[in-house]
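Taking it in order: structure first as structure tokens, then the write-up.
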Amino acid sequence: MTTSENEKKEKDRQQAENRLQAGFNAYNDGKLDQAAEAFGDAEIRFRLSGDFKQAGDCRAMIADIQEQNNALEQAVNSYQRALKHYQEADRPLLMASSALSMGHVERRLAHLDRAQDAYQNAQQIYRKQQNSKGLGNVELAMGHIELQRANMSYATDHYQDAIRFFKEASETTNEADASRSLADIQRLRRQFGEAESAYKRALEIYQQTGDNYGIVDAQVGLGRIYIDQERLDEATAVLADALNRAGLIEYELGQADANLGLAEINLIQSQVDQALIAAQSALQTYSDQHNALGTASAGRILGEINLRRGQLSYANSIMERSLRTFQAVAYRLGQAETTVGLGLIQYQRGFLSRARKTLEDGLKQAHTLDNLQVASRALLGLAYANKQQGELARAKSILSDAHDQAEKIDSAIGIPAIAAIEIAQARLDILGGDMKEADHHLETAEAAANNNVLVGQLLPEILAVRGQLRLAEGDFNAAEALYSSAHNQAEGLQQPEIAVEALLGQAQARLSRGELDAALETFYAAGRQYQVLENTDGDGLAVLGVAQVHIGQQHWDEALEDCEAAMVRFKQADDQTNEADALLTRGLTYRSREEMDSALNDFEQALQHYHHQRRPLGVADTRFARGSIFLLRKDLERARDEQGKAIIQVERVMNSIKSPERWGTFLRQYAEQYAETAMTDLRQHNDSQALTLLQNFARIAGAQELKNLLQAYEEAIPVGGEELSGEDIQINTDLVKRLALLRRSL
């Protein structure tokens with residue numbers, strides 16, 4: 001080589017060095033585009049001069065810049081070029097480092113198989129070089145892949161191998177990273193003792209080495225354990241410290257992680273507004289940092305927060321977006337939780353078919369992942385969906401399965417799950433007419449609520465369901481008091497769904513007491529709140545309540561319009577349970593309008609629903625209503641058959657009430673129906689049967705209401721007038737005498 005050629009080569013090399021230094025200067029100043037241009041120019045010059053090691057360094061820096069700019073596909077290509085340069089330079093450890101970095105980018109792209117290939121390529125090189133640190137880094141990365149795939153056992157093996165290699169290499173900081181990753185697995189498996197020890201061991205190493213970033217990450221891990229264990233004060237303290245430390249060192253992702261943990265604590269403690277602010281802050285940071293997994297996790301929590309706030313459309317939208325992100329990054333653990341959360345939102349919005357499918361998908365995923373907590377939540381949602389569709393027996397079976405499953409979970413989540421299941425079972429038992437069982441389930445839930453923070457959040461719902469029980473038992477004053485207490489507590493805990501359910505219950509109690517104006521006003525208020533909450537089904541219940549008030553006010557046309565409107569809403573929400581009640585109410589309206597055939601048609605449909613749903617009080621009310629029409633038509637045999645079957649259902653439910661002292665209160669609701677049945681007996685000249693029937697009633701519920709009703713019947717029966725024949729006058733006179741005798745016999 002001539003002197004001039006040597007001089008030119010040296011000049012090119014100096015220019016390459018200058019461009020490399022310019023690249024570093026621009027990079028350190030945050031001018032990434034300018035840095036990438038300089039590194040690219042330097043790479044070309046180094047390659048032409050035959051310095052492939054420096055060329056590889058330049059291309060690796062370009063890859064790093066591309067990764068920071070979220071140009072991930074370009075970053076993969078750059079790492080591949082860097083690897084080739086290092087291969088030309090015979091630098092195996094740098095080749096392995098490039099392969100490892102390339103694997104990290106492929107993992108961010110959710111190309112898990114490609115990432116695994118890159119890691120294994122690096123692993124082969126590190127093994128040949130007997131590089132323990134490099135092998136530890138590979139094992140740690142492989143563990144992350146298996147965690148993303150939800151292969152917990154494989155992930156555990158990789159993390160344990162990583163710890164071993166880092167110990168061999170005396171890499172204490174990296175060992176702490178691996179220990180923290182292993183702790184993540186142990187926490188997910190709810191092995192809290194082992195996980196806490198691992199996090200604390202990692203924290204100690206980070207503190208010794210002055211690694212503030214590691215300290216924040218370990219503190220966040222500890223905070224997650226304390227949340228899962230309901231050690232909320234400790235969780236708040238450690239996460240607040242992590243948030244403060246992350247702010248001091250400008251560790252934005254650490255701040256986001258701490259904020260997200262604090263958001264969950266705030267939600268548990270019913271500080272919903274604070275939870276919203278913290279979760280939104282975390283989401284913004286994750287989005288700015290292009291952290292897909294963090295963005296999805298924050299979105300899921302925001303979805304839960306907005307579900308709690310009753311902002312269902314927004315909750316649905318953000319939960320769907322989070323689910324798509326989890327799917328895009330192939331993070332199966334997040335998919336299961338988010339799928340179930342989405343299903344519960346769809347249930348609240350009244351999209352029952354879609355909700356059932358989503359919840360079933362979430363349940364399958366939870367079983368695959370052996371995540372009993374998520375599975376239990378999915379089962380509870382499926383039970384409520386089946387209840388709404390009128391499949392009460394199926395709902396009961398699902399709750400039984402959920403209860404069995406919840407008993408296998410540790411108490412931190414098992415007790416709240418069981419309490420929620422007990423409440424759901426109580427709701428079903430009230431519909432099924434088993435009041436004693438409903439009372440037992442509520443007592444069990446209440447006992448759990450007194451000793452558990454999470455179950456304490458269920459107290460307003462427990463009160464509301466107990467109000468429903470008292471309403472069914474006929475104790476309208478107690479029911480209203482319970483509903484009022486439930487409403488106040490639910491508002492205090494920012495539980496709008498329970499608050500409006502309790503408001504609706506107050507309206508129903510007032511209607512049952514005959515306070516029509518107060519009931520109407522309360523039903524309207526409940527309807528407005530249900531509309532704000534986008535709850536079509538609840539709005540239907542409020543409209544149906546308005547219809548029942550209008551029946552009491554004898555406003556038949558308005559009642560009929562309201563029944564039709566309620567039916568539309570129930571059909572939209574696929575609510576066959578409440579559709580049965582709407583059919584019965586519409587039938588009663590038709591009966592009052594003397595459109596008897598239309599009434600009987602509605603009663604027949606309602607009866608089919610009630611029989612399918614096994615709701616004895618619905619069956620009783622419908623049969624009594626049918627019996628009254630047959631009595632008017634003087635079809636006495638059919639009337640008495642319907643009335644007799646209704647009384648069997650009423651007394652069966654009465655006998656299921658836990659306290660016999662409440663039997664009278666319950667039975668007095670049906671005084672008019674018993675009196676009407678006695679009238680049927682009298683018309684059939686079964687006077688002794690009528691007397692026995694009413695005496696049995698009076699022995700339990702007292703005779704005064706019966707006497708008042710019989711007195712009214714006596715006064716209403718005409719015993720004279722030109723419109724009556726002599727035979728009719730004789731029949732009516734005789735009937736009045738026998739009615740009076742029956743009344744005096746009570």
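Values in this document were obtained by computation on a predicted structure and should not be read as measured data.
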(Q) Check for me whether the distance between the ring centres of Tyr206 and Tyr213 falls short of 6.0 Å. (A) no
Q: Show the numbers, then the answer: is there a side chain to side chain donor-acceptor pair (under 3.5 Å) between Gln284 and Asp288?
A: CA-CA 6 Å; Gln284 186 63 55; Asp288 292 344; 3.0 Å; yes
**Q.** Considering all heavy atoms, the nearest Ala36-Ile65 contact
**A.** N-CD1, 3.7 Å
**Q.** side chain to side chain donor-acceptor pair (under 3.5 Å) between Ser98 and Arg91, worked out
**A.** CA-CA 11 Å; Ser98 294; Arg91 294 296 185 96; over 6 Å; no
Q: Check whether the side chains of Arg300 and Thr325 place a donor and an acceptor atom closer than 3.5 Å, and report yes or no.
A: no
Q: Using distance alone, with no hydrogens and no angle criterion, decide if Tyr27 and Gln68 have a side-chain donor and acceptor under 3.5 Å apart.
A: yes
Q) Which atom names give the shortest non-hydrogen contact between Leu379 and Leu363, and what distance separates them? A) CD2-CD2, 3.8 Å
Q: Give a yes or no on whether a salt bridge exists between Glu196 and Lys200, defined as a side-chain N under 4.0 angstrom from a carboxylate O.
A: yes
**Q.** side chain to side chain donor-acceptor pair (under 3.5 Å) evaluation trace for Gln66 with Glu73
**A.** CA-CA 9 Å; Gln66 290 166 336; Glu73 296 285 0; over 6 Å; no
Q. Is a side-chain donor or acceptor of Thr338 paired with a backbone partner of Gln335 at a separation under 3.5 angstrom?
A. no
**Q.** Ile215 side, atom CD1; Glu204 side, atom CD - distance, nearest 0.5 Å
**A.** 11.5 Å
Q.
Could you report the tightest heavy-atom contact between Ala406 and Ala417, atom names first, then the distance?
A. CB-CB, 4.0 Å
**Q.** Lys/Arg N to Asp/Glu carboxylate O, Asp57 vs Lys53, below 4.0 Å
**A.** yes
Q: Supply the atom-to-atom distance Met142 CE to Gln116 CD, rounded to the nearest 0.5 angstrom.
A: 4.5 Å
Q | Check: Ser97 side chain, Leu93 main-chain N or O, donor-acceptor pair, under 3.5 Å | A | no
(Q) Can a donor-acceptor pair be found, under 3.5 Å and without considering hydrogens, that links the side chain of Gln457 to the backbone of Ile268? (A) yes
Q) Does Ala296 offer a backbone N or O that forms a donor-acceptor pair with the side chain of Ser322 under 3.5 Å? A) yes
Q) Where the side chain of Asn244 meets the backbone of Ala240, is there a donor-acceptor pair that is under 3.5 Å apart? A) no
Q: Decide salt bridge (Lys or Arg N to Asp or Glu O under 4.0 Å) for Asp361 and Lys357; before the verdict, give the C-alpha distance in whole Å, the side-chain angles of both, and the deciding distance to 0.1 Å.
A: CA-CA 6 Å; Asp361 287 346; Lys357 184 180 184 305; 3.3 Å; yes
(Q) Taking the basic N atoms (NZ, or NE/NH1/NH2) and the acidic carboxylate oxygens, is any pair closer than 4.0 Å for Lys408 and Asp404? (A) no
Q: Check whether any side-chain N or O of Asn291 sits under 3.5 Å from a backbone N or O of Gly294 as a donor-acceptor pair, and report yes or no.
A: yes
Q: Taking the six-membered ring for Trp and the single ring otherwise, decide whether the centroids of His104 and Tyr119 are under 6.0 Å apart.
A: yes
Q) Is a side-chain donor-acceptor pair under 3.5 Å present for Asn316 with Gln346? A) no
(Q) Atom CG of residue position Asn28 - does it have more than 12 heavy atoms of other residues, nucleotides or ligands inside 6.0 Å? (A) yes
Q | Distance, nearest 0.5 Å, that separates CD1 of Ile305 from CD of Gln494 | A | 11.0 Å
Q: To the nearest 0.5 Å, tell me how far Asn25 CG sits from Leu20 CG.
A: 9.5 Å
Q | Ion pair check, Arg114 and Asp117, cut-off under 4.0 Å | A | no
(Q) Given 3.5 Å as the limit, does a donor-acceptor pair link the side chain of Ser376 with the main chain of Leu372, or not? (A) no
Q: Could you tell me whether Arg19 and Glu43 make a salt bridge, using a distance below 4.0 angstrom between a side-chain N and a carboxylate O?
A: no
**Q.** Qualifying salt bridge (Lys or Arg N to Asp or Glu O under 4.0 Å) pairs, either residue in residues 257-276, two or more places apart
**A.** Arg224-Glu264
Q. Taking the side chain from Gln365 and the backbone from Ala336, do they hold a donor-acceptor pair closer than 3.5 Å?
A. yes
**Q.** Distance, nearest 0.5 Å, that separates CG of Leu135 from CG of Leu140
**A.** 12.5 Å
Q. Are side-chain N/O atoms of Glu337 and Gln373 paired as donor and acceptor at under 3.5 Å?
A. no
**Q.** salt bridge (Lys or Arg N to Asp or Glu O under 4.0 Å) assessment of Arg149 paired with Asp113
**A.** CA-CA 11 Å; Arg149 288 170 169 162; Asp113 290 339; 2.8 Å; yes
Q: Ignoring hydrogens and angles, state whether a donor on the side chain of Arg231 or Gln229 is under 3.5 Å from an acceptor on the partner side chain.
A: yes
Q) Does a donor on one side chain sit under 3.5 Å from an acceptor on the other, for Asn306 and Gln311? A) no
Q: Locate the shortest heavy-atom distance separating Thr285 from Glu252; write the atom from each residue and the value.
A: CG2-O, 3.3 Å
(Q) If you take the centroid of each ring, where Trp contributes its six-membered ring, are Tyr159 and His144 closer together than 6.0 Å? (A) yes
**Q.** Taking every non-hydrogen atom, the tightest pair across Val220 and Ala258
**A.** CG2-N, 4.1 Å
Q: Begin with the C-alpha distance, continue with both residues' side-chain angles, and end with the deciding distance and a verdict on salt bridge (Lys or Arg N to Asp or Glu O under 4.0 Å) for Glu67 and Arg108.
A: CA-CA 10 Å; Glu67 192 173 351; Arg108 285 185 63 186; 3.7 Å; yes
Q. So how far is it from Ile62 CD1 to Ser78 OG, rounded to the nearest 0.5 Å?
A. 6.0 Å
Q | Minimum heavy-atom distance between Ala202 and Ala176, given as atom pair plus value | A | CB-O, 3.5 Å
Q | Heavy-atom neighbours of Asp29 CG exceed 12 at 6.0 Å | A | yes
(Q) Keeping Tyr199 on the side-chain end and Ala218 on the backbone end, is there a donor-acceptor pair under 3.5 Å? (A) no
Q. Hey, are Arg201 and Glu194 close enough for a salt bridge, meaning a charged N less than 4.0 Å from a carboxylate O?
A. no
Q: Would you tell me whether Arg308 and Ser270 have side-chain atoms, one donor and one acceptor, within less than 3.5 Å of each other?
A: yes
